[in-house]
Amino acid sequence: MTTQKKTKSNRALPAKGVDWLHNPVFNKGTAFTEAERDMLGLRGLLPPHVQSMDEQARRVMGNFRSKPSDLERYIQIVGLQDRNETLFYRVVMDNLEELMPIIYTPTVGKACQEYGHIFRRSRGFYISSNDRGQMEHILHHWPTRDVKVIVVTDGERILGLGDLGASGMGIPIGKLSLYTACAGIHPMQCLPITIDVGTDNETLRNDPLYIGLRQKRIRGEAYDAIIEEFMIAVEKIFPGVLVQFEDFGNCNAFRLLERYRDRACTFNDDIQGTGAVTLAGILSALRITGGKLREQRVLFLGAGEAGIGIAENIVNVLVEEGLTPAEARKRVWFVDSKGLVVKGRDQLTEHKLHYAHDHAPCADLFPAVKSIKPTMLIGASGQAKSFTREIVTTMASLNERPVIFALSNPTSKAECTAEEAYTWTNGRAVFASGSPFSPVTVNGKLHVPGQGNNAYIFPGVGLGILCTGARRVTESMFIVAARTLASLIRPEELAEGRVYPSLQRIHEVSHAIAVAVAEEVFAKKLNAHSRPEDLPGYIRSQMFKPEYPDYTKK
Ligand code: NAD
């Protein structure tokens, strides 16, 4: 019997020449050196000229920029990820501002909508309701046990696009790419998973090219049993793994978070990640407006995962600052699809009940703005154009520097555009959005909108958790992450109206967040690993660098 050679992470090395080229983890393409070509049996399988990684990267970006649409750019770049992961991360890390809107929102949303039609090669891991009773068994099919982070979706609420079923797989793949690109978590330690319990999207079910089960969503106890089996199976196969829940429907997301947060190392990015990144934007906005958090009246449009997640973080900070939870919640108001959330309104879920204050009913946002006089208006409703000119100008008449965040994704769903927010307020708005907008000049002054991108938070939080072996994910870790992020914005960035640092600084940001989160893990004694003497140095040493190894030295 022959023993197959393995990497440090216990992943089997390819056996023969051509296998090296077809394995994205090990492939160097035209950059395999002469010595490697001899040693690995690659002679003849590659063109004779050995290219440097720089040359390869230039070729990739040249092709990328020549594509006619963002979806084509997505297809090209994900194709590279499927062929050569190291080169993929090299170009993503070197061109993050240009590539993030392609590998993540907004283009990934379009890609998910077209998933079955643009499908080329399977990536990630699919568990369907047909796999009930066998999940632990099939997880053995994944080629490594060294998985440290799972991002899982059931595809029910993909960005602001609704139920995309198994086509939602683009989201866990994209999020995990950001774990690596932003915080250097090794790609081999990342596992994207889609749980396919069906879809209530009839158009998809009738699409012959749809990749998922053609059945309505399983719900209720049977659904819960699937998630339970999944959580037990992943913990068994990948002990201590961090499980990030992503784009689950509202009706399941909160429940599952409550059920598993004290049983597993898990969090929900739509609730907690969004909560933290927006809290950071709010804290930065206060550095511009000069106010204190306790003096704000924050009005949300949309009381779903994002809105409630942000509100909970605001409340947690106010409680840290000495307010009672009830006093803190009084600063936060919600308008949802049925109008202002007020005491006595019918059928309010538990999360909304906390924010139901004494007030006359208001059917929609405009009268609510006039009555509540918010200092901050935050859109997380998925309703495009709902911050109308009259609403935005009213915000400007109420506040010297109105804070207006239009967080709904993708770009087409934003409550207002950056240009609208700045022009309607004569440049006085402090604006951030969920999807990126270009800078806007009003009266000769440049305004740079912030993108409240969760990628500022979750990769750094994940890195801090991995480096300490944290057993649980706490709310305090997200608050620490938000405070760290807000503290990193430089005065010259604030002067341009930015409430987030430039994405070019994302590695520094993720590292700083990881260090702060790790300190919190040690303080709460949630660590499985002991504290290294030089914590920042140790964390930096764990960050993946997209460099080709020399296989002749292995
Ligand atoms: P969700 O489905 O959980 O919640 C949507 C909420 O909007 C619900 O409370 C619903 O009642 C409300 N709503 C729907 N129609 C409305 C209307 N006409 N008027 C007022 N309210 C209405 O979704 P979610 O996870 O909270 O996400 C909402 C949006 O926020 C999405 O577009 C998502 O892409 C975006 N988001 C942005 C970020 C970010 O910027 N970092 C992060 C997460 C989510």
Side-chain angles (χ1 to χ4, degrees), residues 100-101 104-106 108-109 112 153 156-164 168 171 174-175 178 244-257 267-282 299-313 333-341 345 347-349 351-352 355 362-369 377-388 391 404-416 431-437 449-458 478 482 485 499-500:
M100 195 182 290
Y104 207 66
T105 182
V108 74
C112 288
T153 189
E156 185 168 9
R157 199 241 54 188
I158 295 299
L159 302 173
L161 301 167
D163 185 349
L164 297 183
I171 297 294
K175 282 258 156 143
L178 296 182
Q244 173 175 327
F245 279 72
E246 190 67 41
D247 286 1
F248 280 67
N250 209 317
C251 54
N252 291 318
F254 288 108
R255 270 181 338 101
L256 296 176
L257 177 60
F267 73 100
N268 181 303
D269 189 53
D270 306 299
I271 301 172
Q272 295 161 288
T274 307
V277 79
T278 313
L279 174 64
I282 289 171
L299 176 60
F300 285 88
L301 182 72
E305 292 165 53
I308 297 284
I310 301 163
E312 295 287 297
N313 269 359
W333 294 78
F334 281 95
V335 170
D336 66 9
S337 55
K338 299 194 179 71
L340 189 63
V341 172
R345 220 185 80 176
Q347 296 174 332
L348 286 175
T349 59
H351 289 97
K352 292 185 195 178
Y355 298 95
C362 266
D364 56 44
L365 184 62
F366 185 44
V369 169
L377 180 63
I378 300 181
S381 62
Q383 301 302 307
K385 302 283 171 203
S386 43
F387 292 174
T388 58
I391 287 171
I404 298 176
F405 289 0
L407 298 182
S408 289
N409 295 315
T411 319
S412 60
K413 301 272 183 183
E415 284 81 3
C416 68
F431 178 82
S433 54
S435 296
F437 281 105
Q451 188 195 353
N453 191 327
N454 295 28
Y456 281 115
I457 296 285
F458 67 81
F478 286 98
L485 177 58
V499 292
Y500 297 103

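We count ligands from 1, going down the list as the structure has it; atoms in each ligand are counted the same way.
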> What protein heavy atom is closest to atom 3 (O) of ligand 1, reported as residue, atom name and distance in Å?
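I find the closest protein heavy atom is N250 ND2, 2.6 Å.
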> Which heavy atom of the protein is the closest neighbour of atom 28 (C) of ligand 1, given with residue, atom name and distance?
A380 O, 3.3 Å
> If you have a sec, work out which protein heavy atom is nearest atom 37 (C) of ligand 1 and how many Å separate them, to one decimal?
L407 O, 3.0 Å
> Between the side chains of D336 and R345, is the shortest nitrogen-to-carboxylate-oxygen separation below 4.0 Å, so that they form an ion pair?
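Counted as a salt bridge, because a side-chain N and a carboxylate O are separated by less than 4.0 Å.
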> For the atom pair CD (Q272) and CD1 (I457), what is the distance rounded to the nearest 0.5 Å?
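Answer rounded to 0.5 Å: 12.0 Å.
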> If only side-chain N and O atoms count, and only distance matters, is there a donor-acceptor pair under 3.5 Å linking T274 with E305?
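Note: E305 and T274 side chains miss the donor-acceptor criterion.
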> Applying a 4.0 Å heavy-atom criterion (strictly less than), which segment of T274 is in contact with ligand 1: side chain, backbone, both, or neither?
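The side chain, only.
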> Counting from 1, what ligand 1 atoms have a heavy atom of G452 closer than 4.0 Å?
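Those atoms are 39 (C), 40 (O), 41 (N).
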> Between R157 and ligand 1, which part of the residue brings a heavy atom under 4.0 Å of the ligand: side chain, backbone, both or neither?
side chain
> Using protein heavy atoms only, decide if any is under 4.0 Å from atom 10 (C) of ligand 1.
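Under 4.0 Å from atom 10 (C) of ligand 1, zero protein heavy atoms found.
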> Aromatic rings F334 and Y355: how do their planes relate, parallel, tilted or perpendicular, breaks at 30° and 60°?
perpendicular
> Within the 4.0 Å heavy-atom shell around G434, which atoms of ligand 1 are there?
40 (O)
> Strictly distance-based, threshold 3.5 Å: is any side-chain N or O of S408 a donor or acceptor partner for the main-chain N or O of E415?
no
> Nearest protein heavy atom to atom 13 (N) of ligand 1, by residue and atom, and its distance?
S381 O, 3.9 Å
> Can you sort out which atoms of ligand 1 are near A303, meaning under 4.0 Å from one of its heavy atoms?
6 (C), 8 (C), 9 (O)
> If hydrogens are left out, which of D270, D364, D336, I457 has an atom nearest to atom 20 (C) of ligand 1, that is, the closest non-hydrogen atom?
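Among D270, D364, D336, I457, the closest heavy atom to atom 20 (C) of ligand 1 comes from D336.
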> Without swapping roles, check the side chain of Y500 against the backbone of V277 for a donor-acceptor pair under 3.5 Å.
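Yes, because the side chain of Y500 sits within donor-acceptor range (under 3.5 Å) of the backbone of V277.
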> In ligand 1, which numbered atoms sit nearer than 4.0 Å to a non-hydrogen atom of G304?
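Close to G304: 1 (P), 3 (O), 4 (O), 6 (C), 8 (C), 9 (O), 26 (O).
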> Indicate, as side chain, backbone, both or neither, the part of I308 found under 4.0 angstrom from ligand 1 when only non-hydrogen atoms are considered.
neither
> For D269, does its backbone N or O pair with a side-chain atom of N454 as donor and acceptor, under 3.5 Å?
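Indeed, once roles are kept as given, a pair shorter than 3.5 Å links the two residues.
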> Quick check on contacts: which atoms of ligand 1 are under 4.0 angstrom from a heavy atom of N454?
39 (C), 41 (N), 42 (C)
> Can you check whether D163's main-chain N or O pairs, donor with acceptor, with E156's side chain at less than 3.5 Å?
no
> Could you tell me whether a side-chain N or O of N313 sits under 3.5 Å from a main-chain N or O of G275, the two making a donor and an acceptor?
yes
> Side chains of E246 and T153: donor-acceptor distance under 3.5 Å anywhere?
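E246 vs T153: no donor-acceptor pair found between side chains.
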> Could you check atom 12 (C) of ligand 1 against the protein and tell me its nearest heavy-atom contact, residue, atom and distance included?
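Minimum-distance protein heavy atom for atom 12 (C) of ligand 1 reads G302 CA, 3.8 Å.
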> Among all protein heavy atoms in this structure, tell me which lies nearest to atom 16 (C) of ligand 1, with the distance rounded to 0.1 Å.
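For atom 16 (C) of ligand 1, the nearest protein heavy atom is Q383 CG, 3.5 Å.
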> I need the nearest protein heavy-atom contact for atom 33 (C) of ligand 1: residue, atom name and distance, please.
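Looking at atom 33 (C) of ligand 1, the protein heavy atom closest to it is N409 N, 3.9 Å.
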> For the side chain of R157 and the backbone of L159, is there at least one donor-acceptor N/O pair under 3.5 Å apart?
yes
> Looking only at protein heavy atoms, which one is nearest to atom 26 (O) of ligand 1, and what is the separation?
A306 N, 2.8 Å
